[in-house]
Amino acid sequence: MSTASQLVLAGRRSSECFSRARALIPGGVDSPVRSAAAVGCEPAFIASGHGAYLWDVDGRRYIDYVGAYGPSILGHSHPLVVESVQAAAAYGLSFGAPTDAESDLAEMLIAAFPALELVRFVSSGTEATMSALRLARAATGRDMVLKFEGCYHGHADALLVKAGSGALTYNTPDSAGVTAAATADTLVAPYNDLEAVHALFVEHGKRIAAVIVEPVAGNMGVVLPRPGFLHGLRELTRVQGSLLVFDEVMTGFRLCYGGVQTLVGIEPDLVCLGKIIGGGLPLAAYGGRRDLMELVAPTGPVYQAGTLSGNPLAVAAGLATLRLLRRENVYRELEAKTTALAVGLRERAAKNGLPVRVNSIGAMFSVFFSDSAVVDYATSSSSDIVRFSAFYQAMRKAGVHLPPSPFEAVFVSLAHSAQDVDDTLSAAERAFAQL
Ligand SMILES: *Cc1c(COP(=O)(O)O)cnc(C)c1O
């Protein structure tokens, strides 16, 4: 889309910041989706965030549903989290030596996830999944990994595999610079398609080290697992001697105090976490059974390391966040708000005769402009992005900050008030009427 045809929703200062950033940083952003190019907009440059709101550099206030792409489940700059980080900072920013607080956070994660016996902290979800698969390959002595179309597991080479045309074949790299060799051992199946997974196991069974899955998908928009899908994966991997890796970087502490595995009663072999567990600072983790995790250096031969891993400020933010989430009724409240938004959006879309599908669970949802149910990558990617863009633009004008893509989950936080929900639905009603 040409710059001239772009609807410039950002104010003057934001636009100036964007021009400056584009001269210095590729596309003016440090992560592609932030550019808002997919929905024909310029990004709002943010000055501050408090509670449910963001303020841009032009002084505009937005009800924020991006939630920093996941971490901000308490809302922005929760005072207790900020206080914990400030207190930790006073003792030092990073030591390259262990701290007792890392064990406090490890204990909380292990208590919340039955599948975790040992956990290793890293700095990003990308590192967590990359390391978990290295471990899975080492533990099984097998080369291949199986992932699902539309699932995102960070930007490690082997996992950047394009969702092909649904073909159950070796997949081609999704990014320039990723060699065919780097993805040659990556198999891809459609999400929610146990038959396809079964077929791949028939073909490659003893070569598949691990199946990695978002147990509720959130990176093709929110797509729920069909009943039996996750249990089927658990059974198949067990029988085939492959490891099951739940990538709960997004879903960890998003749907309940724990993960999807807590809700469905499945114990994966390895778990990846990130986003919420760092409370807004760079922190992620992978973990699982003791016998597997002890293969990681220094106890075992699988090398994995990080200068800032378990950073004291990030650990402090994570601890404060999880302590607040452990309170009673937190998830009931989050779910009630999310349901109110999902139901309200469906009703208002229907009133305007718009084919809108809202997939929602816990504290996340997605709005798809689609005639059919969205159950996998094919149905997600065939939704109407042009209409979504118009919806995004209208909402942004009305002061509601949605993720600038239908393929990013909308995140509800504890800071969103009943009034915020009402205001959001009123804005949506006007937006739908214009489409
Ligand atoms: C965000 C995300 C990642 C990548 O995490 P980063 O911290 O951005 O590297 C991996 N897996 C899932 C499911 C995610 O949502």
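By convention here, the first residue in the shown sequence is residue 1.
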**Student:** Could you pull out the closest heavy-atom pair between Val57 and Ser14, with the gap in Å?
**Tutor:**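 What the structure gives for the nearest pair is CG2-N, 3.4 Å.
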
**Student:** Answer yes or no: are there more than 12 heavy-atom neighbours, outside Phe95 itself, under 6.0 Å from its atom CZ?
**Tutor:**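 Atom CZ in Phe95 is packed in, count exceeds 12.
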
**Student:** At what distance, to the nearest 0.5 angstrom, does CZ of Arg234 lie from OG1 of Thr237?
**Tutor:**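 One finds 4.0 Å between CZ of Arg234 and OG1 of Thr237.
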
**Student:** Check for a donor-acceptor pair, side chain of Ser380 on one end and backbone N or O of Asp376 on the other, with a separation under 3.5 Å.
**Tutor:**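 No; zero donor-acceptor contacts below 3.5 Å.
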
**Student:** Using side chain to side chain contact (heavy atoms under 4.5 Å, CB included) as the criterion, point out the one residue from Val245, Thr186, Leu187 that pairs with Leu146.
**Tutor:**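 So, applying the side chain to side chain contact (heavy atoms under 4.5 Å, CB included) to Leu146 and each of Val245, Thr186, Leu187, only Leu187 qualifies.
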
**Student:** Regarding Gln261 and Glu267, do their side chains bring together a donor and an acceptor under 3.5 Å, going by distance alone?
**Tutor:**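 Side chains of Gln261 and Glu267: no pair found under 3.5 Å.
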
**Student:** Going by atom types only, do Asp423 and Ser426 share a side-chain donor-acceptor pair under 3.5 Å?
**Tutor:**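 Note: Asp423 and Ser426 side chains miss the donor-acceptor criterion.
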
**Student:** Is a side-chain donor or acceptor of Glu127 paired with a backbone partner of Ser124 at a separation under 3.5 angstrom?
**Tutor:**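 It does hold such a pair.
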
**Student:** Tell me if a side-chain donor or acceptor on Asp157 pairs with a main-chain N or O of Val178 at a distance below 3.5 Å.
**Tutor:**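 No, Asp157 side chain to Val178 backbone: no donor-acceptor pair under 3.5 Å.
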
**Student:** Does the side chain of Arg120 pick up a donor-acceptor pair with the side chain of Gln304 at under 3.5 Å?
**Tutor:**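 The criterion, which ignores hydrogens and geometry beyond distance, is satisfied for Gln304 and Arg120.
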
**Student:** As a quick check of understanding, evaluate side chain to side chain contact (heavy atoms under 4.5 Å, CB included) for Val211 and Val145, giving each step before the final call.
**Tutor:** CA-CA 6 Å; Val211 173; Val145 297; over 6 Å; no

**Student:** Please answer whether the main-chain N or O of Leu295 pairs with a side-chain N or O of Thr299 as donor and acceptor at a distance below 3.5 Å.
**Tutor:**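 Side chain of Thr299 to backbone of Leu295, a donor-acceptor pair under 3.5 Å: no, none is there.
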
**Student:** Might you point out which heavy atoms bring Tyr392 and Ala36 nearest each other, and give the distance in Å?
**Tutor:**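 The answer is OH-CB, 4.4 Å.
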
**Student:** Between Thr99 and Glu102, does any side-chain donor sit less than 3.5 Å from a side-chain acceptor?
**Tutor:**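 Side-chain D/A pair, Thr99 to Glu102: present.
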
**Student:** Could you walk me through whether Arg396 and Asp56 pass the salt bridge (Lys or Arg N to Asp or Glu O under 4.0 Å) test, one step at a time?
**Tutor:** CA-CA 12 Å; Arg396 173 111 164 250; Asp56 70 14; over 6 Å; no

**Student:** For a quick test of reading the model, state the closest non-hydrogen atom pair linking Ala398 to Arg430 and the distance between them.
**Tutor:**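 That would be CB-NH2, 4.2 Å.
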
**Student:** What pairs with Val264 under side-chain contact (heavy atoms from CB on, under 4.5 Å), at least two apart in sequence or on another chain?
**Tutor:**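 Partners of Val264 under the side-chain contact (heavy atoms from CB on, under 4.5 Å) test: Leu230, His231, Val260, Ile266.
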
**Student:** Starting at CZ of Arg357, measure out to CZ of Phe368 and round the result to the nearest 0.5 Å.
**Tutor:**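 Answer rounded to 0.5 Å: 11.0 Å.
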
**Student:** Verify whether one side chain among Glu42 and Ser15 offers a donor that lies under 3.5 Å from an acceptor in the other.
**Tutor:**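 Short answer, yes.
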
**Student:** Just so I know, are the side chains of Leu74 and Ser413 near enough to count as touching, which here means a heavy-atom distance under 4.5 Å?
**Tutor:**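 Side chain of Leu74 against side chain of Ser413, heavy atoms only: no contact under 4.5 Å found.
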
**Student:** Is a side-chain donor or acceptor of Arg61 paired with a backbone partner of Tyr53 at a separation under 3.5 angstrom?
**Tutor:**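 Checked: no pair found.
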
**Student:** Minimum heavy-atom separation for Arg387 to Pro355, with atom names?
**Tutor:**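 Looking at all heavy atoms of both residues, the shortest contact is NH1-CD, 3.5 Å.
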
**Student:** Where is the tightest heavy-atom contact between Val249 and Gly125, given as atom of each residue plus distance?
**Tutor:**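 Between these two residues, the closest heavy atoms are CG2-CA, 4.1 Å.
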
**Student:** Are side-chain heavy atoms of Leu283 and Leu273 found at a separation under 4.5 Å?
**Tutor:**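 No; the side chains remain at least 4.5 Å from each other.
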
**Student:** Hey, are the side chains of Leu255 and Met250 touching, using non-hydrogen atoms and a 4.5 Å cut-off?
**Tutor:**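 A side-chain contact is absent here, since even the closest heavy-atom pair is not under 4.5 Å.
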
**Student:** Could you check, using the six-membered ring where one of them is a Trp, whether His416 and Tyr65 have ring centers closer than 6.0 angstrom?
**Tutor:**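 Yes.
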
**Student:** Any non-hydrogen side-chain atom of Ile277 less than 4.5 Å from a side-chain atom of Thr321?
**Tutor:**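 Side chain of Ile277 against side chain of Thr321, heavy atoms only: no contact under 4.5 Å found.
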
**Student:** Do Leu435 and Phe369 make a side-chain contact, defined as non-hydrogen atoms from C-beta onward lying under 4.5 Å apart?
**Tutor:**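 Yes, close enough: below the 4.5 Å cut-off.
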
**Student:** Return the SG to NZ distance between Cys41 and Lys397, rounded to the nearest 0.5 Å.
**Tutor:**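 Answer rounded to 0.5 Å: 9.0 Å.
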
**Student:** Could you walk me through whether Ser31 and Arg34 satisfy the side chain to side chain contact (heavy atoms under 4.5 Å, CB included) test, starting with their C-alpha distance in whole Å, then the side-chain angles of each, then the deciding distance to 0.1 Å, before giving a yes or no?
**Tutor:** CA-CA 6 Å; Ser31 198; Arg34 294 181 199 171; 3.6 Å; yes

**Student:** Take Leu345 and Phe365, measure what side chain to side chain contact (heavy atoms under 4.5 Å, CB included) needs, and give me the verdict at the end.
**Tutor:** CA-CA 11 Å; Leu345 286 164; Phe365 70 92; 3.5 Å; yes

**Student:** Please determine if Lys147 and Asp247 form a salt bridge, counting it only when a charged side-chain N lies under 4.0 Å from a carboxylate O.
**Tutor:**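 Salt bridge: no.
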
**Student:** Testing the basics here: between Gly28 and Phe18, what is the closest heavy-atom pair and its distance to 0.1 Å?
**Tutor:**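 Minimum heavy-atom separation between Gly28 and Phe18: CA-CE1, 4.3 Å.
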
**Student:** Checking the side chain of Ser360 only, and the main-chain atoms of Thr339 only, is there a donor and an acceptor separated by less than 3.5 Å?
**Tutor:**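 The answer is no, because no donor-acceptor pair under 3.5 Å joins these two groups.
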
**Student:** Can you check whether Phe229 and Tyr191 have ring centres sitting under 6.0 Å from each other?
**Tutor:**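 They qualify: ring centres under 6.0 Å apart.
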
**Student:** Would you sort out whether Leu324 and Val81 count as a side chain to side chain contact (heavy atoms under 4.5 Å, CB included), showing the intermediate values?
**Tutor:** CA-CA 9 Å; Leu324 288 161; Val81 177; 4.2 Å; yes

**Student:** When rounded to the nearest 0.5 angstrom, what distance separates CZ in Arg13 from CZ in Arg60?
**Tutor:**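 Spacing of CZ (Arg13) from CZ (Arg60) equals 15.5 Å.
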
**Student:** Would you find a donor on one side and an acceptor on the other, under 3.5 Å apart, between the side chain of Thr129 and the backbone of His153?
**Tutor:**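 Yes; judged by distance alone, with no hydrogens or angles, the pair exists.
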
**Student:** So, the side chain of Asp64 versus the backbone of Val66: is there a donor-acceptor pair under 3.5 Å, distance only?
**Tutor:**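 Flag set: sc Asp64 to bb Val66 pair under 3.5 Å.
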
**Student:** With a 4.0 Å cut-off on N to O distance, would you call Glu16 and Arg12 a salt bridge?
**Tutor:**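 Yes, Glu16 and Arg12 are salt-bridged.
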
**Student:** Check whether the side chains of Ser405 and Glu408 place a donor and an acceptor atom closer than 3.5 Å, and report yes or no.
**Tutor:**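 No, no side-chain donor-acceptor pair sits under 3.5 Å.
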
**Student:** Under 4.0 Å between a Lys/Arg side-chain N and an Asp/Glu carboxylate O for Asp291 and Arg289?
**Tutor:**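 Here Asp291 pairs with Arg289 in a salt bridge, since their nearest N and O are under 4.0 Å apart.
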
**Student:** Rounded to the nearest 0.5 Å, what's the gap from CG on Asp193 to CG on Leu200? Could you check?
**Tutor:**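 CG of Leu200 is found 9.5 Å from CG of Asp193.
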
**Student:** Is the shortest heavy-atom distance from the side chain of Tyr331 to the side chain of Phe253 under 4.5 Å?
**Tutor:**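 When only atoms from C-beta onward are counted, Phe253 and Tyr331 do touch, with a gap below 4.5 Å.
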
**Student:** Does the side chain of Ser417 pick up a donor-acceptor pair with the side chain of Asp420 at under 3.5 Å?
**Tutor:**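 Yes - a donor-acceptor pair under 3.5 Å links their side chains.
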
**Student:** First locate atom CD1 of Ile276, then atom CD1 of Ile73, and finally report the distance between them rounded to the nearest 0.5 Å.
**Tutor:**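 Here the interatomic distance stands at 3.5 Å.
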
**Student:** Is there a side-chain contact between Glu214 and Asn219 in this structure, where contact means two heavy atoms from C-beta onward sitting under 4.5 Å apart?
**Tutor:**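 Of all side-chain heavy-atom pairs linking Asn219 with Glu214, at least one is under 4.5 Å.
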
**Student:** Can you tell me how the ring of Phe432 sits relative to the ring of Phe391, calling it parallel under 30°, perpendicular over 60° and tilted otherwise?
**Tutor:**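 Taking Phe391 first and then Phe432, their aromatic rings lie parallel (interplane angle under 30°).
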
**Student:** Measure from the side-chain N and O atoms of Asp58 to the backbone N and O of Ala44, and report whether any donor-acceptor pair falls under 3.5 Å.
**Tutor:**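 Answer holds: no.
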
**Student:** Please confirm whether the backbone N or O of Ala156 pairs with a side-chain atom of Thr126, one donor and one acceptor, at under 3.5 Å?
**Tutor:**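 No.
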
**Student:** Is the shortest side-chain heavy-atom distance between His78 and Glu83 below 4.5 Å?
**Tutor:**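 They are not in contact (no side-chain heavy atoms under 4.5 Å apart), so the answer is no.
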
